[in-house]
Structures are given as structure tokens and as C-alpha cells.
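Report on one structure; see the data block that follows.
Proteins come first, then strands; the chains are lettered A, B, ... in the order of their sequence lines, and each starts at number 1.
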Number of protein chains: 2
Amino acid sequence: MATKARRPERRQEPLSRERIVGAAVELLDSVGEGGLTFRALAERLATGPGAIYWHVAGKTELLAAATDAVVATALAGDHTDATPNEAIRALALGLFDAIDDHPWVGTQLARTPAQPPMLQVFERIGRQVRALGVPEAAQFTAASALLNYILGVAGQNAANARTHRPGTNRSEFLDTVASEWEELDPAQYAFTRAVAGQLREHDDRAEFAAGIDLILTGITAHEWP
Amino acid sequence: MATKARRPERRQEPLSRERIVGAAVELLDSVGEGGLTFRALAERLATGPGAIYWHVAGKTELLAAATDAVVATALAGDHTDATPNEAIRALALGLFDAIDDHPWVGTQLARTPAQPPMLQVFERIGRQVRALGVPEAAQFTAASALLNYILGVAGQNAANARTHRPGTNRSEFLDTVASEWEELDPAQYAFTRAVAGQLREHDDRAEFAAGIDLILTGITAHEWP
DNA sequence: GGAGGTGCTGGAACGGCGTTCCAGAGGATC
DNA sequence: GATCCTCTGGAACGCCGTTCCAGCACCTCC
């Protein structure tokens with residue numbers, strides 16, 4: 001053990017699962033979902049594709065690990081002193097912000113069944129649902145509804161991020177979509193046309209939070225069978 | 001015009017966009033999301049990949065068209081004589097059933113921003129939300145919440161369908177997942193363990209409908225700002 | 001009836017992907 | 001020094017979406 005090099009520095013810091021996952025996150029953030037390639041990753045790590053497979057089983061696992069890493073930091077705080085409603089709001093908004101920063105996480109969560117990261121979210125939501133006094137038989141339904149709503153928004157945000165060119169900002173994007181809505185057939189899309197104005201001025205994050213509040217109202221007010 | 005062949009029958013019925021989309025839907029249904037390949041599609045249509053591109057711009061458009069075709073038939077009925085709540089339930093369950101039959105539709109909807117099929121769903125939901133008497137400023141929020149919940153469930157159903165081998169049926173699958181949940185760390189996953197039993201006995205469709213009802217309760221009971 | 005144009009076909013080929021394979025470098029152990 | 005094991009990274013495989021293009025059947029006009 002004495003001979004163990006203090007500073008290995010062989011030629012650089014050696015490959016490791018963490019370094020690979022870190023580089024994958026950077027790549028996904030900078031180049032987008034389609035940009036994560038074993039070749040591009042290998043180049044960024046100054047190695048070959050084969051070396052990566054020694055540390056990671058395949059692309060699926062790598063994507064899951066990258067998602068894990070982001071969600072884990074988003075779930076860092078624990079809000080133990082808040083009311084159940086506040087805790088759920090904070091949890092949901094933390095996830096929203098993480099997905100906003102890393103849109104590919106939204107895609108990944110929406111297409112992954114209950115894997116570790118989402119199970120943890122489910123658990124946290126569930127505890128607060130229980131704290132709300134929801135009858136035991138309905139706790140699963142209530143927690144699932146919240147989780148599915150969050151996943152739906154996650155997927156849509158990721159889809160929107162994929163659609164609009166990185167150069168344009170959010171309000172320009174909303175403006176474009178709102179204009180499209182306003183030119184739909186009035187007979188067939190009366191409602192959509194009517195709310196196009198709200199779309200143009202709306203705030204994704206606030207809208208998301210309002211949806212959470214809506215479901216929480218439903219959970220509190222619902223007469224459970 | 002007189003010389004126009006009554007029965008063309010050149011060598012078979014000619015290629016057409018509809019025939020291609022139909023074959024794509026069959027392929028997706030039978031082989032799964034990853035099974036839709038231009039080569040496989042060409043083989044099924046007894047042609048080459050190049051011929052398909054004459055009728056369809058690319059894979060993205062083909063997938064969108066296939067989704068459109070399925071969603072359109074799911075949205076066929078219009079339930080004009082129902083109450084708003086009933087109409088929304090019927091609409092949502094129609095979509096649920098369509099996704100249950102064609103899981104790949106769930107993936108597609110969850111990763112597509114507001115394209116024609118979902119815009120139509122949004123419009124239908126919105127009209128019923130309006131009929132519920134929701135104040136105008138909140139109609140967008142209410143309709144979005146419902147739509148995002150539906151999309152979340154769609155994505156999860158598709159993910160589940162992708163996970164479990166086609167051979168096993170739903171109750172076996174639920175049983176497996178429930179057993180996994182029951183073996184989680186009690187300290188970290190108290191809630192999840194507690195509801196594992198409910199997961200085992202639950203009915204996806206009824207659970208989905210309960211979530212819709214929950215949000216509808218929220219919409220009705222919420223005190224809009 | 002021939003010439004030319006057009007709409008459509010389908011097979012070959014291209015570049016890029018995830019993944020596998022493997023010769024071998026480097027350090028630890030005897 | 002010999003041996004072993006971990007880890008590397010470049011080459012290669014098979015499949016993908018897509019493009020290219022020579023050629024066919026059919027219509028139209030001379």
C-alpha cells in the first residue's frame with residue numbers, strides 16, 4: 001500500500017464510471033439528446049469506444065445513470081418542516097427546474113418505467129399524500145396522479161426543447177406557437193384559438209405549479225369511495 | 001379517358017401513403033416500437049426502401065402519420081349528449097384504450113409536442129372544461145392539467161409495455177413489480193412498500209379513470225385566483 | 001407508331017450508430 | 001523476471017435512416 005502512487009497521473013486521470021457519466025451529462029446538455037454517442041463520448045474522454053464498455057454496460061444504462069445523477073441532485077433538499085402541500089410543490093418544482101436545465105431528463109423519465117429515481121419521487125410524494133390524511137386505499141391513486149402529471153409535463157417540456165432551435169428563447173417560441181393556434185380553423189378549434197392569448201403570456205413554471213395545486217385541491221376535496 | 005384500365009392490377013395494388021401507413025401500424029403493433037424499419041416495411045410491402053420515400057418524407061413523418069391514424073379512430077365518437085365530466089372521462093378512456101392496444105402510440109404522444117392529434121384532444125378537453133364553468137383565465141390551466149396527466153399515463157403505459165416480455169400478461173407483470181416493491185428498504189421506501197399490495201390488485205384502467213376524476217374534482221372545487 | 005416526358009419503383013450505396021472483439025500496455029504479485 | 005489481471009483503445013460487424021439513380025410503365029403529343 002505504501003508504493004501506491006499518491007498522484008497516479010499515468011497519462012491523465014483514469015477512466016471511471018463517474019467520469020463517464022459526468023461527460024455524458026455534459027454532452028447531453030450541450031449537444032442535446034441525439035448528441036450522446038459512444039464515439040463522441042470517447043473523443044471527449046480521449047479514449048476509444050471499447051474502453052467505455054468496461055465501465056458501463058451500454059447506452060441504456062448510461063442514460064439511466066445520467067438521469068439518476070441529475071434527479072438525485074434535484075431531490076437533495078428534504079423540506080421536512082413544510083406542510084404536505086408545500087413539500088409536494090417544492091418537490092415538483094425542483095424536478096421541473098432540473099428538467100428545464102436538462103431537457104433530456106424529461107424524455108428519459110417519460111420513457112422509463114418506475115426506475116430508482118422515479119421510485120424515490122413516488123415515495124416522497126406518497127409520504128406527503130399520507131400526511132394529507134388521504135384514506136389508505138386512495139393513497140396510491142393520489143400519488144400516481146401527481147406523478148403522472150409531473151411525467152406528462154416533463155415529456156412535453158423535453159419535446160418543446162427538442163423542437164425550437166436553441167437560439168430562440170422561450171417567449172419567442174411561445175409567441176410562434178400562439179400565432180399558429182390563432183390561425184386554426186375557428187369552427188374546429190374554437191377553444192384552442194380562445195386560449196392562444198393565454199399561451200402567449202403564460203409562464204411554464206407557474207402553469208406547472210398551478211396544475212399541481214389543482215390536483216392537490218382534488219385530492220383534498222375528493223370524496224373517496 | 002376511355003382507355004383507362006378499369007382494373008389496373010399492374011402487378012399488385014400500387015404503393016400509396018395509406019398503404020404504407022397501414023403497414024407501419026401493423027408492424028409497430030406486431031414487432032414493437034423498435035421494429036419499424038424502412039427495410040422491414042419495404043419487405044412487407046414487397047418493394048425497396050427507396051420507393052417508400054416517394055410517398056413519405058422520413059421516419060418522423062411516418063411515425064406521426066401512424067399515430068394520427070390510431071388517435072383519429074380513438075377520437076371518433078363525440079359524446080355530445082353527455083355531461084362535461086362524462087365527456088372528458090369518455091375521451092380520456094378512449095385514448096387510454098387506444099394506447100393500451102398500441103403502446104407505441106403512448107411513446108409517440110409523450111415525445112411529440114402539440115401536433116395535430118393532441119391539439120384535437122386539447123380542443124375537446126377545453127370545450128368541456130369551459131362547459132364546466134371554469135373561469136376563462138383558468139381554462140388553459142385546467143385543460144393543460146388534464147392533458148398532461150393523460151400524456152404522463154400514456155408514457156408510463158408505453159414504458160411498461162416495452163419492459164415486460166409480450167408473453168407475460170398484465171397481472172403477472174404487476175405481481176412482479178409489487179414483489180420488487182415489497183423488498184425495498186423499509187426505512188427508505190416505507191410508503192412504496194405500504195402500497196405495493198394495492199399495486200398488485202389494481203386495475204390500470206380504473207386507476208387512470210380515478211386520476212381523471214381526481215383532477216376533475218380539483219377543477220370543480222378549486223378557488224381560482 | 002414513335003418520341004419524349006412523367007410518375008413511380010426498387011436495389012445499391014453512404015455515413016453513422018451501438019456494440020463486440022482483441023492485441024497489448026501497465027501495474028501488482030509471486 | 002515471469003505471470004497474471006485490469007483496463008485500454010482502435011478496428012470491425014451488422015443494422016439503421018437516408019440518398020442516389022438506372023429503369024420501368026404509362027400518358028401525351030407529334
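Going from atom CG of A/Leu41 over to atom C1' of D/dG9 covers 14 Å, rounded to whole Å. Following rounding to the nearest Å, B/Glu43 (CD) and C/dG11 (P) show an atom-to-atom distance of 11 Å. Look at CZ on A/Arg39: it is 13 Å from P on C/dT20, rounded to the nearest Å. At whole-Å resolution of the value, CZ in B/Phe38 and P in D/dC20 are 15 Å apart. Rounded to an integer number of Å, the gap from B/Leu15 CG to C/dC8 C1' is 9 Å. For the pair A/Leu45 CG and D/dC7 P, the computed distance is 16 Å after rounding to whole Å.
The side chain of A/Thr37 lies closest to C/dC17, out of C/dC17, C/dT19, C/dT9.
Other residues, nucleotides and ligands contribute over 12 non-hydrogen atoms within 6.0 Å of the CZ atom of B/Arg124. Within 6.0 Å of atom CZ in B/Arg127, more than 12 heavy atoms from other residues, nucleotides or ligands are found, so the atom counts as buried in its surroundings.
Distances shorter than 4.0 Å separate none of the side-chain N or O atoms of B/Thr47 from OP1 or OP2 on C/dT9.
Partners of B/Asp68 according to the side-chain hydrogen bond (donor to acceptor under 3.5 Å, both in side chains) rule, which considers only residues two or more places apart in sequence or in another chain, do not exist here. With sequence neighbours left out, the side-chain hydrogen bond (donor to acceptor under 3.5 Å, both in side chains) criterion links A/Arg193 to no other residue. Among residues two or more places apart in sequence or in another chain, the salt bridge (charged side-chain N to carboxylate O under 4.0 Å, His left out) test is passed with B/Glu182 by B/Arg200.
Pairs passing the side chain to side chain donor-acceptor pair (under 3.5 Å) check and including a residue from residues 49-61 of chain A, sequence neighbours excluded, read A/Arg17-A/Glu61.
With a 4.5 Å cut-off on side-chain heavy atoms, A/Ile125 and A/Ile150 count as touching.
Looking at heavy-atom distances under 4.0 Å, A/Leu36 makes contact with sugar-phosphate atoms alone, never a base.
Ion pairing between a basic and an acidic side chain is recognised when a charged N comes within 4.0 Å of a carboxylate O; A/Arg170 and A/Asp100 show such pairing.
The CZ atom of A/Phe191 lies 8.0 Å from the CZ atom of B/Phe140; values are rounded to the nearest 0.5 Å.
Residues of residues 52-62 of chain B that place a heavy atom closer than 4.0 Å to DNA chain C, in numerical order, are B/Trp54, B/His55. Taken residue by residue, residues 20-32 of chain A places no heavy atom nearer than 4.0 Å to DNA chain D.
Between B/Gly50 and A/Gly50, it is A/Gly50 whose nearest contact on DNA chain D lies nearer the 5' terminus.
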